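Each ligand, and each atom within it, is numbered from 1 in the order the structure gives. All heavy atoms count here, side chains included; hydrogens, waters and symmetry mates do not. Numbers for residues simply follow the sequence, beginning at 1. These figures come from a predicted structure and were not determined experimentally.
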Amino acid sequence: MKFRDGAIVPALGQGSANLAQGKRSEAAEEEALRTGLSLGMALIDTAEMYGSGRSETLIGRAIAGQRDRVFLVSKVWPNHVAGDGIARACEASLARLGTDHLDLYLLHWRNPDTDLSGVVVAFESLRVAGKIRAWGVSNFNVSDMEDLFRVPHGDRCATNQVYYNIGGRGIEYDLLPWCEQRGMPVMAYAPLGHSRLVRDPTLARIGAAHGCSATAVALAWAIRSGNVIAIPESGSPAHVKENAVALSLMLTPQELQILDAAHPLRWVNLLRPLLDRSKRWLRNLL
Ligand SMILES: NC(=O)c1ccc[n+]([C@@H]2O[C@H](COP(=O)([O-])OP(=O)(O)OC[C@H]3O[C@@H](n4cnc5c(N)ncnc54)[C@H](OP(=O)(O)O)[C@@H]3O)[C@@H](O)[C@H]2O)c1
């Protein structure tokens with residue numbers, strides 16, 4: 001995939017929100033990330049808030065010695081954006097990740113009082129200083145994107161990372177076409193529906209016909225347009241191997257139709273981002 005500035009970005013990456021939090025041994029999780037890298041899932045997504053920095057530290061160990069093979073993404077917490085907060089948060093992320101630059105730095109979400117023009121100025125100075133190669137946003141709806149594009153250089157945003165999977169297609173109503181019209185790839189988080197799709201019978205049936213897992217089908221569906229980057233998370237090397245098959249899986253028009261019938265686009269899909277946004281606002285208030 002390509003960003004609008006010409007940067008080449010892997011279509012399938014690896015998430016890390018729940019790594020380094022005791023679900024498995026950290027050695028197994030590092031091995032899972034390295035397995036993904038060796039199979040072409042070369043984008044790794046993290047954030048300063050994941051495990052209060054522990055996810056970044058684990059990733060730093062996993063990619064040591066092979067930084068140049070990784071498209072590294074991190075995110076700044078919106079409560080850190082005032083003053084020189086973004087520059088300081090970026091330095092801290094770089095130190096934990098053991099690198100001198102990020103390939104992409106995202107604003108994790110927008111608070112009601114987030115000063116978007118200040119955020120763009122801070123991201124642009126990090127870009128000019130070589131600390132980040134590109135910047136973007138996360139959890140932005142169309143009206144947020146329009147606000148962003150109204151501030152100076154706001155249209156330099158490389159991508160918007162949002163909730164998207166075959167069970168949660170809400171962005172197809174408006175945000176996905178909005179980004180497509182501007183040639184901007186979207187990054188799909190929770191492409192396995194936070195694991196809900198692992199046992200989906202339609203995905204499993206199509207997977208069986210191809211000799212692969214339901215998760216590979218869900219991921220091939222997510223990246224089918226060439227305009228979406230998917231970042232499934234797994235701390236298991238075996239699961240990562242299953243997921244990487246999506247990179248070489250071409251779903252037929254008939255299979256896409258079957259999937260569409262089993263998981264149609266529904267208005268109820270719009271509720272999910274609204275719920276997430278309300279939860280974030282409440283968390284900030286408390
Ligand atoms: N920007 C944001 O606000 C935001 C929000 C949420 C997530 N994210 C990013 O998106 C990433 C992915 O989202 P997510 O972790 O919420 O959901 P997800 O990727 O849809 O699902 C992850 C879950 O699926 C399981 N899984 C993965 N592959 C599997 C396989 N082949 N077989 C069986 N189970 C499998 C994982 O367990 P195992 O470890 O056992 O494989 C894990 O429990 C996050 O890690 C994070 O980087 C961003």
Any heavy atom of [X] closer to ligand 1 than 4.0 angstrom?
X: Q14; answer: no
X: W109; answer: no
X: R24; answer: yes
X: G193; answer: yes

Just to confirm my output: which protein heavy-atom neighbour is closest to [atom], and how far is it?
atom: atom 22 (C) of ligand 1; result: E233 O, 3.4 Å
atom: atom 11 (C) of ligand 1; result: I231 O, 3.3 Å
atom: atom 24 (O) of ligand 1; result: S195 CB, 3.3 Å
atom: atom 6 (C) of ligand 1; result: Y189 CD1, 3.3 Å

task = Report, as yes or no, whether the 6.0 Å neighbourhood of atom NE2 on H194 holds more than 12 heavy atoms from other residues, nucleotides or ligands.
result = yes

query = Nearest non-hydrogen atom to atom 20 (O) of ligand 1 belongs to which of L192, N160, V198?
reply = L192

query = Which of these, S236, P191, G235, A244, has its nearest heavy atom closest to atom 39 (O) of ligand 1?
reply = G235

Verify same cluster id: W221, I223 (apolar side-chain graph, 4.5 Å) = no

request  = Look at the side-chain heavy atoms of Ile, Leu, Val, Met, Phe, Trp and Tyr, link any pair under 4.5 Å apart, and say whether M187 and L176 land in one connected group.
outcome  = no

Is there a donor in the side chain of [X] and an acceptor in the side chain of [Y], or the other way round, less than 3.5 Å apart?
X: Y50; Y: K75; result: yes
X: E255; Y: H210; result: yes
X: D200; Y: H263; result: yes
X: E56; Y: S74; result: yes

If the cut-off is 4.0 Å to any non-hydrogen atom of [X], which atoms of ligand 1 fall inside it?
X: H108; answer: 1 (N), 2 (C), 3 (O)
X: K75; answer: 1 (N)
X: H194; answer: 14 (P), 16 (O), 17 (O), 18 (P), 20 (O), 21 (O)
X: K23; answer: 37 (O), 38 (P), 39 (O), 40 (O), 43 (O)

inquiry  = Tell me if the aromatic rings of Y164 and Y189 count as close, with their centers under 6.0 Å from one another.
reply    = no

message = Suppose we call two aromatic rings close when their centres sit under 6.0 Å apart. Are F140 and W178 close by that rule?
response = no

